[in-house]
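Just below is one structure, and these are the notes that go with it.
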Number of protein chains: 2
Amino acid sequence: MARKSGSHGEITGPRILAAAERLIARKGFAAVTMREIAREVGVQAGALYLYIPDKQTLLFDLMRRHMEELLAAWEAEPKGETPLEQLEAFARFHIRFHLARPDATFISYMELRNLEPENFARIEALRKRYEDILEGILKEGSAAGVFRVPDTKLATMALIAMLTGVNTWYREGGRLSRERVERIYWNMVRRAVKG
Amino acid sequence: MARKSGSHGEITGPRILAAAERLIARKGFAAVTMREIAREVGVQAGALYLYIPDKQTLLFDLMRRHMEELLAAWEAEPKGETPLEQLEAFARFHIRFHLARPDATFISYMELRNLEPENFARIEALRKRYEDILEGILKEGSAAGVFRVPDTKLATMALIAMLTGVNTWYREGGRLSRERVERIYWNMVRRAVKG
DNA sequence: TCTTGATATGAACGAATGTTCAGTTAAACC
DNA sequence: GGTTTAACTGAACATTCGTTCATATCAAGA
């Protein structure tokens with residue numbers, strides 16, 4: 001029997017990615033088995049291979065999707081005119097986007113070393129494109145005398161680390177609203193680079 | 001035969017921790033096998049169990065040692081008088097300490113989810129003690145009107161994330177000296193919280 | 001109604017895992 | 001020189017891993 005109940009064609013493919021994302025974020029890629037993922041989807045382990053070639057590709061697909069959605073979401077974002085407005089847009093966008101996808105964010109920062117070299121290079125390339133966005137804003141603002149940053153690359157890494165750090169402690173329904181967190185972080189970012 | 005060459009009593013215990021730290025930092029706890037660690041030490045896998053009870057304890061020992069050394073090192077650090085001086089001391093200390101121990105730092109931030117609940121709680125307690133040091137400085141400076149931080153807990157998390165982020169990109173012998181990195185980061189920290 | 005093709009099962013594969021343990025070695029002590 | 005003892009080996013244990021595949025099921029088209 002193919003399944004206990006329900007009909008075929010009930011989109012199993014996407015459910016695999018969703019289940020894998022949840023499990024890998026919680027336990028780590030190496031600690032999650034294909035059988036666990038299958039159980040979460042409600043299917044036997046062998047059935048996973050109708051949708052993915054192997055476990056490594058599953059991880060790569062999750063990370064690539066996350067990075068591509070990140071870049072696409074920024075493209076669709078209202079940018080602002082001045083470097084200061086752009087920096088605020090970026091800071092708020094970064095917090096908002098990553099807080100909305102805690103699992104994917106966690107995986108993309110923690111599981112890099114479980115990617116095979118070629119896959120690693122491709123994810124790193126996407127990440128660099130994202131970092132270049134922030135560095136571009138900082139460079140422009142530096143040239144205009146609005147920002148004072150001795151090293152734009154270093155400032156880029158510092159600000160992204162700080163902003164991504166929100167994910168490690170923020171909890172929905174906690175003491176602070178997302179809007180309030182955004183404002184406080186934006187204030188720290190602004191003051192950290194203000195000329 | 002016990003060994004191919006050399007004599008017994010050549011401190012194998014510490015070498016296990018050192019090898020495990022290197023390997024786990026590079027490949028992740030779940031992806032490292034006891035046989036790999038043993039090979040790195042130059043011993044058979046069974047011999048590891050003369051020094052450690054099991055793999056989980058090995059991870060816990062690494063993380064506990066790191067956190068305890070961190071707290072002890074801060075105790076031994078010259079503190080400064082004013083909140084501003086204390087904050088500078090903390091920022092520079094944090095960067096210096098963690099850059100000197102990239103493997104242990106990496107493990108302590110990445111492998112928390114591989115700790116069993118009880119071990120996790122103990123490591124988290126140590127981490128909280130460390131975060132409380134920075135929050136204490138921020139609170140004191142806020143009360144004195146030297147700092148302007150709307151929420152000391154949030155600022156603590158933001159600054160620690162930013163400072164620890166140095167480890168993700170800094171490379172010995174790279175473009176920037178450690179002293180220069182320290183100064184630039186300290187400047188950003190100072191401006192981010194200055195009243 | 002018969003055929004087709006996608007979807008899924010469940011058993012099986014070899015390899016690898018953490019851990020144990022009876023036996024071996026060699027240095028240290030009497 | 002004989003005994004003790006800590007250090008270590010190497011084989012074995014029961015599980016579990018990712019992956020494959022012959023087979024079964026079912027919905028849809030002819």
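Each chain gets a letter, A, B and so on, in the order the sequences are listed, and its residues count up from 1. All values below come from the heavy atoms of this structure, side chains included, with hydrogens, waters and symmetry mates left out.
- Comparing C:dT19, D:dT19, C:dA8 by their nearest atom to the side chain of A:Arg35 picks out D:dT19.
- Between the side chains of B:His94 and B:Thr164, at least one donor-acceptor pair of N or O atoms lies under 3.5 Å.
- The residue among A:Gly46 and B:Val32 whose nearest nucleotide of DNA chain C is located toward the 5' end is A:Gly46.
- If you check residues 48-63 of chain A against DNA chain D, the residues with a heavy atom closer than 4.0 Å are A:Tyr49, A:Asp54, A:Lys55, listed by number.
- Between B:Glu81 and B:Glu85 the shortest heavy-atom distance is N-OE1, 2.8 Å.
- Regarding contacts with the backbone of C:dA8, every side-chain N or O of A:Gln44 stays at 4.0 angstrom or more from both OP1 and OP2.
- Remark: B:Tyr49 pairs with no residue by the side chain to side chain donor-acceptor pair (under 3.5 Å) rule, at least two apart or across chains.
- In this structure, A:Glu36 atom CD and D:dT16 atom P are separated by 11 Å, rounded to whole Å.
- Between A:Pro83 and A:Phe147, the closest heavy-atom pair is O-CZ, 3.6 Å.
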Could you list the donor-acceptor pairs under 3.5 angstrom formed by side chains in residues 133-145 of chain A, with sequence neighbours left out?
unit_1: A:Glu135; atom_1: OE2; unit_2: A:Thr152; atom_2: OG1; d: 3.0
unit_1: A:Ser142; atom_1: OG; unit_2: A:Leu138; atom_2: O; d: 3.2

Apply salt bridge (charged side-chain N to carboxylate O under 4.0 Å, His left out) to A:Asp132 and A:Arg129, showing your working. CA-CA 5 Å; A:Asp132 284 347; A:Arg129 276 180 52 193; over 6 Å; no
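- The A:Thr12 side chain lies nearest to C:dA8 when the options are C:dA8, C:dG18, C:dG10.
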